[in-house]
Amino acid sequence: MVSSAAHMCGFISIFGPDQQDVLQDVLAGLLAIQHRGQDAAGVVTYREKFQAKKGLGLVRDVFEEKHFGRLKGHLAVGHVRYPTVGLGEDTDVQPFWIDYPIGVAMAHNGNVTNFHELKRNYFGERHVKLASNCDLEVVLYVFADCLARRPGTAITAEDLQAATREVFARVKGAYSVAGVIAGVGMYAFRDPYGIKPCIFGRKRTEQGWWYAVASESVVLDVAGYEIVRDLKAGELLWIGQDREPRFFQVGTSPHRPCIFEYIYFARPDSFLDGVSVYGARLDLGAALAKQWQATGLVADVVIPVPESARTAAQTMADHLGIPYREGFVKNRYVGRTFIMPNDKQRRESIRQKLNPIKAEFEGKRVLILDDSIVRGNTSRQLVKIARQMGATKVYLASYSPPLLYPCLYGIDMSTKREFIARGRTHEEIARELGADHVLYQTIPDMVEAVRTAAGKAGIEFCKACFEGVYPTGDITEQMLTDIETDRMAASKT
Ligand code: AMP
């Protein structure tokens, strides 16, 4: 079976004043969300026709000055793609667009869980052969097909609502989408459960209003847009030729934003659904400090695994009244260890990526804090390095609870079998990792910490990777097995 290329990703779409080129803002925005995907990048702009530039690699490598003259237009959509296990194909690089029967460009962030089924049945029956392994293609076709069947000639807000409704009815999973309709306007819809983020902003220049939708608020910040608001779960935003932003509540499912965005994925300077990612991480560190105190163990220093754990390590150290120290220095030019195709390469590259400062370990009881432990490769290496540097005790803490279940909504974690916490007690995990003790955040503490940062008492999150409850309610054992088979096969390539 061919795996669908579903990834954690980032997007931005812009509708600028007539005759203006929005490319610079799109590129600034993509650079700001490069952390959401380093595997591939692409931009599609519209002026009289769609123009595109897409490629594998970082934004700064894909786009060169020579492309700027060609990528004209006041309507555009851009995307960065996150690598999965194995290598991505360049045919799968987003955004996608079609010119017929209607000009639509589209990018998404998320994962379609019934991609294989749609490919086999819905499209198969219609003799449609998909051109890529990217699940965005099915969203685009269902959407465009419905728009093409609209009753009138003009494209109206009702047509957009009907198309979004049809996507929600046919396409399962979590996907936030942004894009443009050739020469007409810009649309975005957030996935039915709002698992993936999607935020709307605007700015005004002498030429008029510029509108943008993006995966994270930081995109709007860097391109000079003010935040208007996050889209709600299942909400459609449409800005047509009259340039009036209009919101429509199409879906009716409850809002379940992904909690892992706050833990690891989003930039700390972003706000997701009005919640500061930085604030959430501060609270997560403080919550874990309480847990640590309850163990009765004593540490001399808190050392974060850079970058994501730094914020939480500060509050953890503050609450414990012990120093926060930078014990590991990250070489930011080495790619993410996670994406190395096999375990051996992954282990070796961790040492290249994180080099210790001996003085921070020698003769000390160190508490190493990471945002999460997935396979345990990072932690195992760091414990070993800490001991080599002369630490007398090495404690490991994770400010997220044990990761146990695969994310089916686009965060590439691993298969069930690869989670180190799966089927092991905390003592066994500590032994596996060579640590003197392993401390995890509890699920209630994690939820409470993010809720506190949000000032939203009742907010519920998607926390499927921790507890195996998938909010879309349509995840079958077969889908889990398919994903596992896909990923095991891909990791061998
Ligand atoms: P591992 O070495 O497999 O235990 O992975 C743990 C490391 O991967 C931690 O340092 C996390 O910061 C990082 N991490 C967690 N989730 C992800 C993800 N979905 N993609 C990439 N890295 C991740």
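Atoms within each ligand, like the ligands themselves, are counted from 1 in listed order.
Interface of Asp371 with ligand 1, defined as ligand atoms under 4.0 Å from a residue heavy atom, comprises 11 (C), 12 (O). Annotation for ligand 1: atoms under 4.0 Å from non-hydrogen atoms of Asn377 are 1 (P), 2 (O), 4 (O). Taking a cut-off of under 4.0 Å to the non-hydrogen atoms of Phe260, the atoms of ligand 1 that pass are 16 (N). Against a heavy-atom cut-off of under 4.0 Å, Asp370 is close to the following atoms of ligand 1: 9 (C), 10 (O), 12 (O).
Note that CG of Asn114 is 4.0 Å distant from CG of Leu118, once rounded to the nearest 0.5 Å. Atom CD1 of residue Ile195 and atom OG1 of residue Thr472 lie 6.0 Å apart, to the nearest 0.5 angstrom.
Taking the six-membered ring wherever Trp is involved, the centroid distance between the rings of Phe189 and Phe143 falls below 6.0 Å. Between Tyr409 and Phe260, the ring center distance fails the sub-6.0 Å criterion.
With hydrogens and angles left out, the side-chain atoms of Glu216 and His35 include a donor and acceptor closer than 3.5 Å. Looking at Asp191 and His108, their side chains never bring a donor and an acceptor atom within 3.5 Å of each other.
At a heavy-atom distance under 4.0 Å, only side-chain atoms of Ile411, from C-beta outward, approach ligand 1. Contact annotation: for Phe419 versus ligand 1, there are no heavy atoms closer than 4.0 Å. If you look at Val374 next to ligand 1, the close heavy atoms, those under 4.0 Å, come from the backbone and the side chain alike.
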Listing, residues 274-283 side-chain donor-acceptor contacts under 3.5 Å, not counting sequence neighbours, or none:
from: Ser276; atom 1: OG; to: Tyr278; atom 2: N; distance (Å): 3.3
from: Ser276; atom 1: OG; to: Gly279; atom 2: N; distance (Å): 2.8
from: Arg281; atom 1: NE; to: Tyr262; atom 2: O; distance (Å): 2.7
from: Arg281; atom 1: NE; to: Ile263; atom 2: O; distance (Å): 3.3
from: Arg281; atom 1: NH2; to: Tyr262; atom 2: O; distance (Å): 3.4
from: Arg281; atom 1: NH2; to: Tyr264; atom 2: O; distance (Å): 3.4
from: Arg281; atom 1: NH2; to: Ala266; atom 2: O; distance (Å): 2.9
from: Asp283; atom 1: OD2; to: Ala453; atom 2: N; distance (Å): 3.2

Enumerate, atom names and distances included, each donor-acceptor pair closer than 3.5 Å involving a side-chain atom of residues 285-295, sequence neighbours excluded.
from: Gln291; atom 1: NE2; to: Asp445; atom 2: OD2; distance (Å): 3.1
from: Thr295; atom 1: OG1; to: Trp292; atom 2: O; distance (Å): 2.5
from: Thr295; atom 1: OG1; to: Leu297; atom 2: N; distance (Å): 3.2

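For ligand 1, one of its N or O atoms has an N or O atom of Gly376 under 3.5 Å away. Inclusion of Ser379 in the set of residues having an N or O under 3.5 Å from an N or O of ligand 1 is not warranted. Looking at Phe265 next to ligand 1, no N or O pair under 3.5 Å apart turns up.
Here the shortest heavy-atom distance to atom 7 (C) of ligand 1, taken over Ile263, Ile373, Thr378, belongs to Thr378.
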